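A short worksheet on the structure shown next.
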Number of protein chains: 2
Amino acid sequence: MSELDSIDLKMLRILQREGRIATTDLADQVGLSATPCARRLKRLEDDGYIRGYRAVLDPKRVGCGLQAFINIRLGDHAEKTVAAFQSALLRRQDVVAVYAITGSSDFLIHVMAADLDALSEFTTRTLLRMPGIRDTQSSIVLSVLKAETAVPLA
Amino acid sequence: MSELDSIDLKMLRILQREGRIATTDLADQVGLSATPCARRLKRLEDDGYIRGYRAVLDPKRVGCGLQAFINIRLGDHAEKTVAAFQSALLRRQDVVAVYAITGSSDFLIHVMAADLDALSEFTTRTLLRMPGIRDTQSSIVLSVLKAETAVPLA
DNA sequence: AGTGAAAAAGGTTCCGA
DNA sequence: TCGGAACCTTTTTCACT
């Protein structure tokens with residue numbers, strides 16, 4: 001479970017931008033031949049540095065024109081309530097992220113929907129009917145100036 | 001700019017999970033031979049449905065143990081101030097996302113840092129010294145229950 | 001850990017349906 | 001638009017440094 005050397009970091013930086021790059025090209029870019037590059041890549045995957053690879057879609061292009069962040073405060077923090085609330089959220093495809101946070105609310109969720117109608121339907125029909133919710137506060141995304149999946153690597 | 005048929009959608013769904021899948025395997029999974037599958041994939045890329053491919057790293061594993069969301073309210077909405085503020089944020093690697101939002105604040109940003117020290121340094125040394133900022137409100141992420149890059153595809 | 005060559009697997013192009 | 005064959009590239013394996 002050794003450390004990452006500068007070549008590993010270089011590889012990770014490149015792979016965060018070009019997830020489908022051929023290992024031969026990756027090898028060129030980090031100054032290695034194909035064999036050790038493939039070995040390192042496998043190690044980075046096996047040791048859990050790389051979780052997986054994803055195609056990044058253009059949300060608007062595929063019919064998801066609206067995004068929102070919703071702060072949620074629970075009224076009841078009983079373990080059972082919290083667990084039920086969480087698993088209900090996690091099951092939904094349109095809830096793309098769920099964070100437990102500090103501050104004035106308990107959870108921050110990131111929702112994607114086709115349009116305002118779909119979003120308000122989610123909020124009123126689904127979210128507000130979940131047990132244990134005290135209040136919610138929605139922030140609709142007007143524009144996405146940046147949305148990296150990339151983790152900063154010093 | 002034609003529509004996406006059910007095979008295209010299937011391909012996109014698979015690619016959101018397995019961004020590095022071989023096109024022959026993708027072809028098998030959608031019931032096509034390699035040639036038309038590769039052609040469709042190229043079209044999805046060229047027409048902007050697929051923005052790119054990314055390796056997804058484990059943040060903790062690569063030294064980014066702390067995430068936070070920060071709501072930012074500007075005091076001065078002059079175009080120049082807003083533009084300067086935005087470009088300063090966009091330049092920073094540790095600011096992984098920037099959204100302009102509705103509601104009580106103007107921007108929501110997603111920050112990744114090694115630890116609390118690094119985060120508080122960012123807030124006090126960088127963020128609060130930016131011109132035009134009226135106030136900020138940080139929510140530190142206690143746990144990530146879900147963080148999909150995937151866009152929901154009906 | 002890295003290299004280079006050979007075998008296997010995957011990707012691309014062209015043509016016919 | 002699809003499928004198949006030929007051709008080319010990439011990946012993997014292996015012997016060696």
Side-chain angles (χ1 to χ4, degrees), chain A residues 1-64 149-154, chain B residues 1-64 149-154:
Chain A
M1 192 129 318
S2 45
E3 277 306 305
L4 298 173
D5 67 14
S6 73
I7 295 179
D8 294 322
L9 287 173
K10 232 185 228 175
M11 289 174 60
L12 291 175
R13 263 184 229 112
I14 293 167
L15 286 163
Q16 285 198 116
R17 284 187 288 108
E18 293 180 70
R20 238 177 129 84
I21 189 175
T23 48
T24 49
D25 294 341
L26 184 60
D28 283 348
Q29 289 195 34
V30 301
L32 231 53
S33 62
T35 311
C37 182
R39 260 201 304 254
R40 279 168 181 265
L41 182 54
K42 186 164 173 5
R43 188 179 72 91
L44 291 170
E45 291 167 356
D46 291 347
D47 290 358
Y49 295 100
I50 297 173
R51 282 242 185 91
Y53 301 90
R54 313 261 179 271
V56 180
L57 308 190
D58 184 332
K60 287 185 188 162
R61 210 84 180 66
V62 296
C64 260
T149 38
V151 176
L153 296 172
Chain B
M1 176 155 294
S2 47
E3 276 308 305
L4 298 174
D5 68 14
S6 74
I7 295 180
D8 294 321
L9 286 172
K10 230 185 229 176
M11 288 176 60
L12 291 176
R13 262 183 229 113
I14 294 168
L15 286 163
Q16 285 198 115
R17 284 188 289 105
E18 294 180 71
R20 239 177 128 83
I21 189 175
T23 44
T24 49
D25 293 341
L26 184 60
D28 283 348
Q29 290 195 34
V30 300
L32 232 52
S33 65
T35 311
C37 182
R39 261 201 300 257
R40 278 168 181 266
L41 182 55
K42 185 162 174 7
R43 189 179 73 92
L44 291 171
E45 292 167 354
D46 291 347
D47 291 359
Y49 295 100
I50 297 174
R51 281 243 185 88
Y53 301 90
R54 312 263 179 272
V56 179
L57 307 191
D58 183 332
K60 286 185 188 162
R61 210 84 181 68
V62 297
C64 259
T149 38
V151 176
L153 297 172

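All chains are named by letter (A, B, ...) in the order of the sequence lines, taking the proteins before the strands, and each is independently numbered beginning at 1. Just so you know, these numbers come straight off a predicted model, no measurement behind them.
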### side chain to side chain contact (heavy atoms under 4.5 Å, CB included), paired with A:Leu153, selected from A:Asp8, A:Leu4, A:Leu12
A:Leu12
#### Entry: Whole-Å distance separating the CD1 atom of A:Ile7 from the P atom of C:dA1
10 Å
### Query
Are A:Asp47 and A:Arg40 close enough for a salt bridge, meaning some N to O gap below 4.0 Å?
no
Interface polar pairs with nucleotides 10-13 of chain C, N/O, under 3.5 angstrom:
{"unit_1": "C:dG11", "atom_1": "OP1", "unit_2": "B:Thr23", "atom_2": "N", "d": "3.2"}
{"unit_1": "C:dG11", "atom_1": "OP2", "unit_2": "B:Thr23", "atom_2": "N", "d": "3.1"}
{"unit_1": "C:dG11", "atom_1": "OP2", "unit_2": "B:Thr23", "atom_2": "OG1", "d": "3.0"}
{"unit_1": "C:dG11", "atom_1": "OP2", "unit_2": "B:Thr24", "atom_2": "N", "d": "3.1"}
{"unit_1": "C:dG11", "atom_1": "OP2", "unit_2": "B:Thr24", "atom_2": "OG1", "d": "3.4"}
{"unit_1": "C:dT13", "atom_1": "O4", "unit_2": "B:Thr35", "atom_2": "OG1", "d": "3.2"}

### Task
Output the distance between atom CG (B:Leu57) and atom OG1 (A:Thr149), rounded to the nearest 0.5 Å.
8.5 Å
#### Entry: Length of the NZ-C1' vector between B:Lys42 and D:dC2, whole Å
18 Å
### Task
Check the pair A:Leu32 / A:Lys10 against side-chain contact (heavy atoms from CB on, under 4.5 Å), numbers first and verdict last.
CA-CA 12 Å; A:Leu32 231 53; A:Lys10 232 185 228 175; over 6 Å; no
### Query
Any side-chain heavy atom of A:Ile50 sitting closer than 4.5 Å to one from A:Leu41?
yes
### Message
Ignoring hydrogens and geometry beyond distance, is a side-chain donor-acceptor pair present between B:Tyr53 and A:Gln16 at under 3.5 Å?
### Response
no
### Summary
note: A:Leu32, atom CG; C:dA1, atom P; distance rounded to Å ~ 11 Å
#### Entry: Rounded distance (Å) that lies between atom C1' of C:dG2 and atom CE of A:Met11
14 Å
